[in-house]
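Proteins get letters first, then strands, A, B, ... in listed order; numbering begins at 1 in each.
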Amino acid sequence: MESKEKLLDQLAQAVVDMDTEAVEAKSKEVIEAGIPAFEAIATGLSVGMKRVGEMWSRMEIFMPEVMGSVDTYYAGMKLLKPQIKVSEHATYEATVIMGTIWGDIHSVGKDVAIPVFEGENFRVIDLGLDVSVEKYVAAVNEYHPEFVGLGTYMSETFLHVEALVEEFKAKGIRDKVFIICGGPAVDSEYAKKMGADDAWNDAWEAVAGMKQLLKQKRG
Amino acid sequence: MPVMRDIKIQISIDDLLRVHGATEGQVKGKALDNYRRLLDEAEPLLRPAYIYRDVSIAETREDGLVLETGHVLQATILAKLLRTAKRVYLMCCTIGPLLEQRAREYKNDGFPAKAYILDSIGSLATDFLAQKGCKFVDDVAAAVQLSTSIPLSPGYMGWPLKDQQAFFQLLDCAEIGVALSDTFIMSPLKSTTQAIGLVAEPGGKAHKTNCDYCALKARCKFRKVQSS
Ligand code: B12
């Protein structure tokens, strides 16, 4: 049997190599070896995704390679996620609700941002597209997230942020969450003017900003 | 109302890689094979169709156009770019629901990247179809010694999305299987609307593209011209 560290490193490397078969084989070995599934995700699979993100930022690889790694990452998640024990849940960085705001169908940005967030150890709940304010409110009450992520891909739907913030205030949940926006039309300053906490048009920059927000909150 | 269905959509691996920020020389092995396979898988799922109508413009105001039918299209950009136009072509095009369904299946089965790549193929196909529509109107215009404006759509350049309603009142979009939601979203999602004016200026678009009028500029990864 390989050492735990070696096994988790091989899991990470298989994600980088887009090697789905290896990820599946190593995930099964992890389960058989009794390594906690959450640990295997956080220090194996996700480390692989993080390396991919770093290589992408250094422009060593291109989007098609990132895509290959994303599906490999999820092949491992498919096996490991169901093995996570309830007691392990507390170790996520934070929970993020993601959805494309009402009136908007652009989903690609959100769908690319989600694996990046998951790879950074955030728990993500995906509400889909054309999401109404009522759905966001219900999800906040159900999942108690730290972040509500709004995919706002058109100038017109970016303006819906203000209405959502007002509704969150009326329901008494505004101060419980960070409201963040993403998409090509977002502007951090303007998002703040509308009552959101921040906005980014790049998922990796968003992760850095989200960690900063968490740090401020948690002190 | 005229409907066009017999359209061969051609998307190359280069087109697909370009929208994902790469070229064929840069991507190799598994990643490239994956893209090629999905391109082959997408082709038989495309059901292209567009419907159009030629409408006379009754009045050009500062903030939009009044059509012969009484519909008002409320956008300064329309008034500006179609100021010499007497007629406008309204179009709706779609690639149908099948590709979208396959992408959804991939997503639900735990392959979000495959879903994303198929989605990009769908967007390229939608764009290809819209450009075919433009080419058709270009030919109509040339036959009567006119030229065409760039294509404009609700949601672009300050043209409010609510004007999607005017398109759906004026075009029988159900004929090509496209419906509009009360939040002004078209389904199948891979559908677009566009308005193209027959303008009197010689040169018409004068080599301009939509990007020249769009506010996103450098923030857009899909920009056609990378100059200032
Ligand atoms: C592909 C596309 C489509 C596809 C949809 C594909 C899909 N499933 O999403 C199709 C062809 C169907 C389409 C249709 C329309 N579209 Co369109 N579309 C685009 C296009 C070209 C690319 C979007 C994209 O995929 N980007 C790639 C992703 C990866 O980038 P991203 O979204 O920025 O995401 C990154 C970050 O922002 C971040 N991120 C994303 N989400 C989130 C969320 C959070 C919380 C955080 C923190 C971060 C984050 O992470 C991602 C990775 O870094 C854009 C132009 C553009 N430059 O964006 C226009 C664009 C968004 N569309 C536009 C419009 C108007 C429309 C239509 C309404 C036009 C019409 N009248 O027909 C229709 C609507 C169709 C309908 N069914 O009703 C306009 C919006 C204008 C504006 N600024 O308001 C744009 C900007 C084009 C333009 N230049 O004007 N569209």
Side-chain angles (χ1 to χ4, degrees), chain A residues 17-21 52 56 59-79 81 100-116 118 124 126 128-132 153-160 183-187 200-202, chain B residues 13 16-35 38 100 103-104 106-107 109-117 119-120 122-123 154-162 164 181-191 214-217 219-223:
Chain A
D17 295 341
M18 301 175 262
D19 190 341
T20 307
E21 276 171 30
V52 169
W56 157 260
M59 296 199 282
E60 289 167 13
I61 55 169
F62 294 89
M63 187 54 96
E65 278 117 350
V66 177
M67 289 298 121
S69 291
V70 164
D71 276 352
T72 307
Y73 171 77
Y74 279 104
M77 285 289 262
K78 216 176 184 174
L79 295 169
K81 224 175 170 179
T100 297
I101 208 160
W102 67 91
D104 209 331
I105 53 105
H106 295 90
S107 55
V108 166
K110 167 179 75 61
D111 292 343
V112 173
I114 287 175
V116 175
E118 291 194 328
V124 181
D126 184 2
L129 43 90
D130 192 20
V131 179
S132 65
Y153 305 102
M154 302 198 281
S155 319
E156 205 171 317
T157 55
F158 183 40
L159 298 174
H160 292 174
V186 300
D187 171 328
W200 300 274
N201 62 5
D202 178 282
Chain B
I13 185 80
L16 180 57
L17 290 172
R18 183 178 42 79
V19 295
H20 284 194
T23 62
E24 203 173 332
Q26 290 165 333
V27 184
K28 289 173 199 72
K30 279 183 209 159
L32 187 60
D33 290 347
N34 190 27
Y35 274 59
L38 288 162
E100 212 162 293
R104 202 170 310 128
Y106 270 129
K107 193 169 176 221
D109 290 347
F111 301 101
K114 283 199 172 58
Y116 170 45
I117 298 163
D119 192 285
S120 297
S123 296
Y156 289 148
M157 305 172 205
W159 185 358
L161 261 184
K162 72 167 174 40
Q164 290 281 39
S181 78
D182 52 13
T183 48
F184 313 126
I185 284 174
M186 292 179 278
S187 58
L189 297 178
K190 290 285 181 281
S191 308
C214 177
L216 288 178
K217 294 278 186 282
R219 272 190 290 167
C220 181
K221 307 172 189 97
F222 295 78
R223 220 166 140 217

Worksheet item: Should we count CD of E21(A) as having more than 12 external heavy atoms under 6.0 Å?
Response: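 12 or below, so no.
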Fill in: More than 12 heavy atoms of other groups within 6.0 Å of K81(A) NZ
no
Which bit of [X] is near chain A, if near means a heavy-atom gap under 4.5 Å: side chain, backbone, both or neither?
X	answer
I117(B)	side chain
L16(B)	neither
F111(B)	both

Worksheet, complete the sentence: One option among M77(A), M154(A), M18(A) has the most heavy-atom pairs under 4.5 Å with chain B, and it is M18(A)
Worksheet item: Which one, G103(A), S132(A), S107(A), G68(A), leads in non-hydrogen pairs under 4.5 Å with chain B?
Response: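 Highest number of heavy-atom pairs under 4.5 Å: G103(A).
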[X] vs [Y] side-chain heavy atoms within contact, under 4.5 Å:
X	Y	answer
L189(B)	L129(A)	yes
M63(A)	V27(B)	no
N34(B)	P64(A)	no

Worksheet item: Donor-acceptor pair, D111(A) side chain versus P112(B) backbone, under 3.5 Å?
Response: no
Chain B contact via [X] - side chain, backbone, both or neither, heavy atoms under 4.5 Å:
X	value
D19(A)	both
K110(A)	side chain
E156(A)	side chain
V66(A)	neither

Fill in: salt bridge (Lys or Arg N to Asp or Glu O under 4.0 Å) evaluation trace for K107(B) with D126(A)
CA-CA 12 Å; K107(B) 193 169 176 221; D126(A) 184 2; 3.0 Å; yes
Atom pair [atom1] ([X]) and [atom2] ([Y]), whose distance is rounded to the nearest 0.5 Å:
X	Y	atom1	atom2	result
T100(A)	I185(B)	OG1	CD1	9.0 Å
T183(B)	I101(A)	OG1	CD1	11.5 Å
Y156(B)	S155(A)	OH	OG	11.5 Å

Item to complete: Please name the pair of heavy atoms, one in G21(B) and one in F62(A), separated by the smallest distance, quoted to 0.1 Å.
Response: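 Result for this residue pair: O-CD2, 3.6 Å.
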